[in-house]
Amino acid sequence: MKKHYNTILSLLESCKTFGQLKQIHGLTITTTVVKNIIPLSRLIDFCTTAESRNLSYAKLVFSQIDQPSVYIWNCMIRGYSGGDKPYEALILCREMQRRGHMPDNFTFPFVLKACSICCDPDCGRCVHNCIVKTGFEVDVYASTGLLNMYASCGYMELAHKVFDEIPKWNVVAWTSLIAGLVNSNQASEAITVFKEMMHWNVEPNEITMVNVMVSCARTRDIETGKWAHNHIRQLGFDPFVSPVRFNVILATAILDMYAKCGSLKTARDLFDRMPLRNLVAWNSLIAAYSQYGRAKEALGLFFDMKTAGLEPDKATFLSIFDACATSGALALGQALHACVIKASIHEDTATGTALLDMYAKMGDLTSAQQVFNEVKNKDVMAWTSMIIGLAMHGRGEEALVIFKRMQETGTVIPDQITYIGVLCACSHLGLVEEGQRQFNSMTDVCGIVPTVEHYGCMVDLLSRAGRLEEAERFLEKMPAEPSVAIWGALLNGCEIYENVALADRLRSQMTELKQAFGSGVYVLLSNIYARAGRWEAVNLSRDLMKHKRVPKTLGCSSVETNFD
DNA sequence: ATAGGGTTAG
């Protein structure tokens, strides 16, 4: 009996595969070792660790144990918290308490992980209370778990509070806080926290630096990014210097930092030096080429990727559809549309949106609408892309119909971009009252603070309709300096409706500004004065250019070019 | 005997 017991324990020790485990389990039954808690614990441990997880088998063994120890409960909870049914971990934890076992310092990290994955901060709060009640709030693992739980549920104030109460901040606690800030779109705060961590002389590790790189990428802070890269080198784990144990995630994060900040040459160089490139690395560089207007190179890299044997995923398609749109590669776009359908991701919200956006930009609104109709869960961006696509192509009525349908869903709330499309549609249709109504409900009902673009749309709308005084009033209300396009829209109205007095006022206002104006504005002004026979004023308008030493090339608008 | 933080996208 004792001999069997020891044999089984040593067999379990060296057990590598699930097949072996089942044999050993059989052995415990035939040798009646089965009731002994230690081999059972080992069995459960094996079935609940990440590499060899088999939860149904673990559950089977578990159900045959009369009095599971806390260790066994913990293993089961660990297994579920890392599996595809994390809420089962929460149920098990409750069951464990019902059967008279209090969770311990090992239980909490697992349960909190389950709360994070389930995004269940209410449950997380209960666990928090339990941690306080059982006196484990001083445990660094429990606190870090809490910190992560709050951060991943978006409760950064609570995460901060937990962090502040940790007695001694180690690198993991700092990194958790940094990661939490990154995940809740507070990348610049993450950098601040990182600098504070350095101030406390806590040495960052690779995971810290991944988060720092992501923060620099998101904030386009290449200065800190370069500094951090250099620091990684000094710490001796720059994957591009010592690729012995190449950390592909850190390498990709560094690559992406340079890529997002527009240092495409450096990014490309690093990419070429990577001994191992995963899909994320390819996607990062493809996205950068696409976003920095180098569509041809994005497409080239995409084909290289296919040659290298990698299959594009959603992220790849997003960049590629954009690149197709800007380079006018309709045939390729259509072929990839077929690929997307084959991979059955055409119903995916982001993919569908990128696809419809591509068709809309190329003027194929029929296809754009078809794609739009097939998108399963249309979010704001899907609706907005469709609205802007229609508005851009002079199909304002349909744009407004789509907007109405969007409001009727009652679940999708328009954002500031949606309203740009809506106001643009009104402007092209000459629907002054409708445009004003929409502008008001945007601010009053939706609480959106209008940006320069929104005011620009209103100025454009009113100018086209000849309601120049109202347009001027909008100009005065603008939160920032009007863009060239807005001055242009108003001057355009002055020209059409022959309002020289307003043109005069605008000219003197514009002369006061530091901003540069292109020859378009000058031409407009000159025309207005010339038509009114005010030849002496034509020279005044020329001052607008002379003073600011503006090159005679046209500074065209963002508002106009995007939507006309 | 069990534990915490990581890369790409509109």
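Everything quoted here is computed from the prediction, not taken from an experiment.
- One interatomic measurement links the two molecules: CZ of Phe271(A) to C1' of dT7(B), which rounds to 14 Å at whole-angstrom precision.
- Salt bridge annotation for Asp45(A)-Arg78(A): present, with a cationic side-chain nitrogen under 4.0 angstrom from a carboxylate oxygen.
- Below the 3.5 angstrom threshold, one finds no donor paired with an acceptor across the side chain of Asn211(A) and the base of dG5(B).
- Rounded to whole angstrom, the span from the NZ atom of Lys314(A) across to the P atom of dA9(B) amounts to 15 Å.
- For Thr144(A) against dG4(B), a side-chain-to-base donor-acceptor contact under 3.5 Å is present.
- For Leu250(A), whose side chain is taken as the heavy atoms from C-beta onward, the closest listed nucleotide among dA3(B), dG5(B), dG6(B) is dG6(B).
- Residue Val182(A) is classed as having no contact, given no heavy-atom separation below 4.0 Å to the nucleic acid.
- One cannot find a donor-acceptor pair under 3.5 Å joining the base of dT8(B) and the side-chain atoms of Ser284(A).
- Residue contacts for Ala354(A): at a heavy-atom cut-off of 4.0 Å it reaches no nucleic acid atom on any strand shown.
- Out of dT8(B), dA3(B), dG5(B), the shortest distance to the side chain of Val214(A) is found at dT8(B).
- Using a 4.0 Å cut-off on heavy atoms, the residues of residues 315-326 of chain A that approach DNA chain B are Ala315(A), Leu318(A), listed by number.
- As a whole-Å value, the separation of Glu206(A) CD from dT7(B) P is 14 Å.
- Ion pairing of Glu206(A) with Arg245(A) is present here, as a side-chain N (NZ or NE/NH1/NH2) and a carboxylate O approach within less than 4.0 Å.
- For Asn247(A) and dG6(B), a side-chain-to-base donor-acceptor distance below 3.5 Å is present, hydrogens and geometry of angles not being considered.
- Side-chain contact check for Ser81(A) versus Val111(A): every heavy-atom pair is 4.5 Å or farther apart.
- Of the possible donor and acceptor atoms, none in the side chain of Thr351(A) sits under 3.5 Å from a partner among the backbone N and O of Asp348(A).
- Checked for salt-bridge contact, Glu297(A) and Arg294(A) meet the test: a charged N lies under 4.0 Å from a carboxylate O.
- At a threshold of 4.0 angstrom between heavy atoms, the contacts of Asn105(A) include nucleobase atoms, whether or not backbone atoms are also involved.
- One can place CG of Asn283(A) at 11 Å from P of dG10(B), the figure rounded to the nearest angstrom.
- Within 4.0 Å of Asn74(A), counting heavy atoms only, lies at least one base atom of the nucleic acid.
- With a 6.0 Å radius and a threshold of 12 heavy atoms from other residues, nucleotides or ligands, Arg94(A) has its CZ atom at or below the threshold.
- Distance from the side chain of Tyr71(A) is smallest to dT2(B) among dT7(B), dT2(B), dG4(B).
- In the displayed structure, Arg125(A) atom CZ is contacted under 6.0 Å by at most 12 heavy atoms of other residues, nucleotides or ligands.
- Of the candidate nucleotides dA3(B), dA1(B), dG5(B), dA3(B) has the atom lying nearest to any side-chain atom of Phe110(A).
- Residue-level contact check: Thr48(A) touches neither bases nor backbone, having no heavy atom under 4.0 Å from any strand.
- Distances from the side chain of Thr349(A) to the nucleotides dA3(B), dT7(B), dG10(B) place dG10(B) closest.
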